[in-house]
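First the proteins, then the strands, lettered A, B, ... as listed; each starts at 1.
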Number of protein chains: 2
Amino acid sequence: MVRVYVDERERTSGIPNILKAMGLTVIFKILSIADYVISENIAIERKRIDDFVSSVFDGRLFDQARRLCKAYDKPIFIVEGDLNYVKRITTKWSSILGALISLALDFNLPIIFTSDTRETAEVIKYIALREQKTSKTGKKTTIIAVSKKPRLTETHEWQEYIVQSLPYIGPKLAKRLLEYFGSVHKIFNASVSELAKVEGLGEKRAAEIVRIIKAQYMPHPGSKRLRKLTSFLEEK
Amino acid sequence: MVRVYVDERERTSGIPNILKAMGLTVIFKILSIADYVISENIAIERKRIDDFVSSVFDGRLFDQARRLCKAYDKPIFIVEGDLNYVKRITTKWSSILGALISLALDFNLPIIFTSDTRETAEVIKYIALREQKTSKTGKKTTIIAVSKKPRLTETHEWQEYIVQSLPYIGPKLAKRLLEYFGSVHKIFNASVSELAKVEGLGEKRAAEIVRIIKAQYMPHPGSKRLRKLTSFLEEK
DNA sequence: ATAGCCGGGTGGTGA
DNA sequence: TCACCACCCGGCTAT
């Protein structure tokens, strides 16, 4: 039985229904990062082409790509929609091309293009099936562990994820820190010297982390949005 | 000066001329495996879409992919032509989709789609340029032509990023929380009712956030007992 | 002898 | 996946 974990936000996309019709077991969860999780290591981020384009320009894309790669060994990007249409309407096509190349080369992030939800579902099914079948590739990284739940919404996953958001902290250090301190709260209240006691984290980086945590928030100076927010605060 | 080695067979494709017109130095060679070689490790195989399709069915594709990957650290596949057209005329589109997925997942082979020779040349140039720049100057040049602010180096960017890692918190709430509390540290020390004062965040979700922040870290629920490293902290 | 300094190797992060 | 860089550790020096 092939199981696919689907993020709640994808519920309305129509893809889960197609997957069900194809005979897959769909399980809805609140996934923090990806849209579809096939196994512990394999996750798919689906983006409609228009969203993809705007995420290139507002900078969200690389954030998301970074998060995806951080959290999963085998992340996959699906871009859904008509590329040619976008080529025609945008003057900044080369930026998008650049982004695609960067995703592929810097992040080693496989990108699949599909034309509609139906095809996206097909691709997801294909990937899920091939993951379950015997791995003729022999790669040790492809753990066929569909039986084991990703448990992305489990507390400790969230804790690790939060700690990973700190600069210089990846999966390894996040776990070490949590094991050492016992909770997110304690990490965020630790002093520089306490943090630096953890193997792999020195004074310099620890100091930077503490600096950012303690720093007064000073949002974009001169931003129009700021005005709104500050006035919002004023009325409080 | 950017140099590109081009296989003799590509001479007639028109791409070398476009590259020359773009200011690159084109050197023709008889390359056994790839079509374009940018550096010692980087090679590009260009395939017109019809050739790509037939190579899927006669089995040439995977042979070539294997050889490419063996010979170069960073092989890149460019598929040139109108995908939609092929989708329409072939009944075996899913085989092609499968081949694309396999290339991406099994061979870790980045695939770039271009619509014509002009665009192929653009991509080659882009890759050649970025290769020269990154290898010489280090990471300095993020070539993504987005005028915005791709760098996450600013303190407030990090603050927002960290706060966003909390469940239920997206970009908007992250900013609001930071505006309201003034620092990451204060947010991570806030009580449920304090958090819930922020517009858009209710008691229920606030409680969940606090729970995760304060929760004891239990990496393997139910298995081995976690070492009491927290007591070690106390003596400080 | 011990404490602090330096330089090479490495693991981990970030893109 | 790959490059880079802070971190770690072992050795050396000098008091």
For Leu105(A) and Pro110(B), the nearest pair of non-hydrogen atoms, with its separation, is CD2-CG, 4.0 Å
Taking 4.0 angstrom as the limit, do Asp82(A) and Lys87(A) come out as a salt bridge? no
What residues, two or more places apart in sequence or in another chain, satisfy side-chain hydrogen bond (donor to acceptor under 3.5 Å, both in side chains) together with Lys47(A)? Asp51(A), Gln64(A)
What is the separation between atom CD on Glu208(A) and atom C1' on dA6(D), rounded to the nearest whole Å? 13 Å
By nearest nucleotide on DNA chain D, pick out whichever of Asn41(B) and Lys204(A) is the more 5' one. Asn41(B)
Please list, for nucleotides 6-12 of chain C, all pairs of protein and nucleotide N/O atoms separated by less than 3.5 Å.
| from | atom 1 | to | atom 2 | distance (Å) |
| --- | --- | --- | --- | --- |
| dG12(C) | OP1 | Arg176(A) | NH2 | 2.8 |

Spacing of Leu109(A) atom CG relative to dC2(D) atom C1', expressed in whole Å: 15 Å
Rounded to whole Å, CG of Leu166(A) lies from P of dA6(D) at a distance of 18 Å
First encountered from the 5' end of DNA chain D, between Leu201(A) and Lys74(B): Lys74(B)
Separation of Ile209(A) atom CD1 from dT13(C) atom C1', in whole Å? 12 Å
Would you mind reading off the distance between Lys70(A) atom NZ and dC2(D) atom C1', rounded to a whole angstrom? 17 Å
Determine whether the side chains of Tyr36(B) and Glu45(B) contain a donor N or O and an acceptor N or O closer than 3.5 Å. no
Whole-Å gap separating C1' (dG14(C)) and CG (Asn108(A)): 14 Å
Rounded to the nearest angstrom, tell me the gap between atom CD in Glu160(A) and atom P in dT13(C). 12 Å
Just the rounded figure in Å: distance from C1' of dA15(C) to CZ of Phe107(A). 4 Å
Is it true that Arg46(B) and Asp7(B) make a salt bridge, defined as a side-chain N closer than 4.0 Å to a carboxylate O? no
Pair Arg205(A) + Glu208(A): basic N to acidic O under 4.0 Å: no
Among the candidates dA15(C), dC9(D), dA6(D), find the nucleotide nearest to the side-chain atoms of Asp106(A). dA15(C)
Quick check: do Glu80(B) and Ser115(B) have side-chain heavy atoms less than 4.5 Å from each other? no
